[in-house]
Amino acid sequence: MRFKGLDLNLVVALDILLQERSVSRSAERLKLSQPAVSAALARLRDYFNDELLVSMGRSMIPTAYAESLWPIARDLLAKADLLIDTSSSFDPATSRRRFRVSASDFIQTVLVAPALRAMQDTAPGISLDVGPTGSNSITLFENGEIDCIISPEQYASPSHPVRPLFADNHVVVGWRDNPAMCRPLDLDSFLTLGHVAVRIGSGRELTFAERHMLPYSDQRRIEVSSSTFSGVPLMLPRTQRIAVLQQRLAAAFCDPFDLVMQPLPFEMPPLREVAQYHSSRANDAGIAWLIDTFQTVAANGAAG
């Protein structure tokens, strides 16, 4: 397939070559021989009248022109992917579509995992590619490389539609044999105990709960920080530490790890989770079905 003299298959090769910066690794990903990929690179160089990738030692360095082409190529491939995936009709019973979802490990535990169990019989050919949330996921979403982002309502983009999934409260969680957890905590007791906190991503960003506990930051004793929500319950048994977690997540871990929950000794607004899809996919029946499934699972208690 040629467009203005360019074999469009070469756009795929260009994207992979610029990602891998190696003919051999690109050949593995493209499932082609190294000579075939070398020939594709030669054709790209001839078409664009530029070296595109220059050998330096064992690596290949993109030229400035190649760097300028790359986002255009990625956008073209994303739109082609959107064209293929988007359909006004969708049958989950027979579809073999792969949906790309961005969600925190909290959402993966309490919503995505039970949704997959629900899909097993009704949509056996459907698969999910679930990745983390963060600034990179927003870029991928805008480029059409993510179908759905699940996040707290306040982090959703105002430029694209959202659908509500569920609201959750936060609770105090601790080891069942921790004497402090035998009754609801007052604020002084809460601040005296050692805490396990969550900091998200390489930037160690504050979570919804941590942002609402900033007024107590000078008094809290944060003894451990975890990069994931689901890692926190593993750090509490046989210690006197406590943590503040989403109630649905806490409920999933209490029995397996001998933990108990108590209410917060201060006010915190509910955490409202939403699903967001790209505005260009408003008529995508497959994405509508996926979010419908998430909503149904969430309404049934998600973690149950």
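Residue numbers run from 1 in the order of the sequence given. Quick note: numbers below take in every heavy atom, side chains included, and nothing from hydrogens, waters or symmetry partners.
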In terms of side-chain heavy atoms, does Q262 have a donor or acceptor partner in R183 at a distance below 3.5 Å?
-> no
Pairwise side-chain contact, L53 with T63, heavy-atom cut-off 4.5 Å (strictly under) = no
Consider only side-chain N and O atoms of E142 and H160, and report whether a donor and an acceptor are under 3.5 Å apart.
-> yes
Over all heavy atoms of both residues, which pair between M261 and M181 is shortest? Give the atoms and the distance, please.
-> C-CE, 4.3 Å
Heavy-atom side-chain contact between P233 and L259 under 4.5 Å | yes
Pair R100-D129, salt bridge (charged side-chain N to carboxylate O under 4.0 Å, His left out): steps then yes or no | CA-CA 5 Å; R100 296 149 301 185; D129 180 358; over 6 Å; no
Mind checking what makes salt bridge (charged side-chain N to carboxylate O under 4.0 Å, His left out) contact with D50, not counting sequence neighbours?
-> none
What are the two closest heavy atoms between S22 and S26, and how far apart are they?
-> O-OG, 2.7 Å
Distance-only, no hydrogens or angles: does the S189 side chain make a donor-acceptor pair with backbone N or O of L185 under 3.5 Å?
-> no
Mind checking ring pair (Phe, Tyr, Trp, His ring centres under 6.0 Å) for Y277 and listing every partner two or more places apart, or none if nothing turns up?
-> none
Salt bridge (charged side-chain N to carboxylate O under 4.0 Å, His left out) evaluation trace for E153 with R163 = CA-CA 9 Å; E153 184 177 46; R163 287 175 58 184; over 6 Å; no
Answer yes or no: is there a side-chain heavy-atom contact under 4.5 Å between F229 and F253?
-> no
To the nearest 0.5 Å, tell me how far R221 CZ sits from I242 CD1.
-> 9.5 Å
Under 3.5 Å, is there a donor-acceptor pair between the side chain of S68 and the main chain of Y65?
-> yes
Is a side-chain donor or acceptor of R25 paired with a backbone partner of E20 at a separation under 3.5 angstrom?
-> yes
Does S95 reach the main-chain N or O of P92 with its side chain, forming a donor-acceptor pair under 3.5 Å?
-> no
Backbone N/O of D105 and side chain of T109: donor-acceptor pair under 3.5 Å | yes
Where is the tightest heavy-atom contact between V130 and A103, given as atom of each residue plus distance?
-> CG1-CB, 4.5 Å
So if you build clusters from Ile, Leu, Val, Met, Phe, Trp, Tyr with side-chain heavy-atom gaps below 4.5 Å, do Y47 and V54 land together?
-> no
Any donor-acceptor pair under 3.5 Å from R241 side chain to I222 backbone | no
List the steps, then state whether side chain to side chain contact (heavy atoms under 4.5 Å, CB included) holds for T133 with Y155.
-> CA-CA 10 Å; T133 55; Y155 300 140; over 6 Å; no
Within the side chain of R281, is there an N or O that forms a donor-acceptor pair under 3.5 Å with the backbone of G144?
-> yes
Here the gap from H278 atom NE2 to I146 atom CD1, rounded to the nearest 0.5 Å, amounts to 11.0 Å
Are D168 and E273 close enough that some pair of their side-chain heavy atoms sits under 4.5 Å apart?
-> no
Closest non-hydrogen contact found for V172 with P265 is CG2-CD, 4.2 Å
Can you label the angle between the F106 ring and the F166 ring as parallel, tilted or perpendicular, going by 30° and 60°?
-> perpendicular
P215 to Q219 - nearest heavy-atom pair and separation | O-OE1, 4.2 Å
Would you mind reporting whether L10 and L14 have side-chain heavy atoms less than 4.5 Å apart?
-> no
Starting at CD1 of I149, measure out to OG of S102 and round the result to the nearest 0.5 Å.
-> 5.0 Å
Not counting sequence neighbours, which residues clear side chain to side chain donor-acceptor pair (under 3.5 Å) with S127? List them please.
-> none
Can L236 be reached from L264 by stepping across I, L, V, M, F, W or Y side chains whose heavy atoms are under 4.5 Å apart?
-> yes
Quick one: do F208 and F190 end up in the same hydrophobic cluster if we chain Ile, Leu, Val, Met, Phe, Trp and Tyr together by side-chain heavy atoms under 4.5 Å apart?
-> yes
I107 reachable from F141 in the ILVMFWY side-chain graph, under 4.5 Å edges = no
Once you round to the nearest 0.5 Å, how far does CG of L111 lie from CD of Q295?
-> 10.0 Å
Check the pair C148, I150 against side chain to side chain contact (heavy atoms under 4.5 Å, CB included), reporting the backbone distance first and the verdict last.
-> CA-CA 7 Å; C148 173; I150 302 175; 4.0 Å; yes
Between R220 and E210, does a salt bridge (charged side-chain N to carboxylate O under 4.0 Å, His left out) hold up when you go through it step by step?
-> CA-CA 11 Å; R220 284 177 73 207; E210 290 296 325; 2.7 Å; yes
Compare all side-chain heavy atoms of P237 with those of D258 and state whether any distance is below 4.5 angstrom.
-> no
Distance, nearest 0.5 Å, that separates OG of S279 from CD of Q276 | 9.0 Å
Does some side-chain heavy atom of V198 sit less than 4.5 Å from a side-chain heavy atom of S227?
-> no
Nearest heavy-atom neighbours spanning C254 and R176 = O-NH2, 4.2 Å
Hey, what do you get for CD1 (I61) to CG (L52), rounding to the nearest 0.5 Å?
-> 13.5 Å
Before giving the answer on side chain to side chain contact (heavy atoms under 4.5 Å, CB included), spell out for L290 and L128 the whole-Å C-alpha distance, their side-chain angles and the decisive distance to 0.1 Å.
-> CA-CA 10 Å; L290 178 68; L128 296 187; 4.0 Å; yes
Might you confirm whether atom CD of Q154 has over 12 heavy atoms from other residues, nucleotides or ligands at distances under 6.0 Å?
-> yes
Is there a chain of hydrophobic side chains (I, L, V, M, F, W, Y, each step under 4.5 Å between heavy atoms) that links V274 to I138?
-> no
Passes side chain to side chain contact (heavy atoms under 4.5 Å, CB included), I287 versus R97? Steps please.
-> CA-CA 10 Å; I287 291 178; R97 185 166 170 182; 3.8 Å; yes
Decide salt bridge (charged side-chain N to carboxylate O under 4.0 Å, His left out) for R29 and D15; before the verdict, give the C-alpha distance in whole Å, the side-chain angles of both, and the deciding distance to 0.1 Å.
-> CA-CA 11 Å; R29 286 190 57 183; D15 178 44; over 6 Å; no
Find out whether M213 and F266 are in side-chain contact, i.e. whether some heavy atom of one side chain is under 4.5 Å from a heavy atom of the other.
-> yes
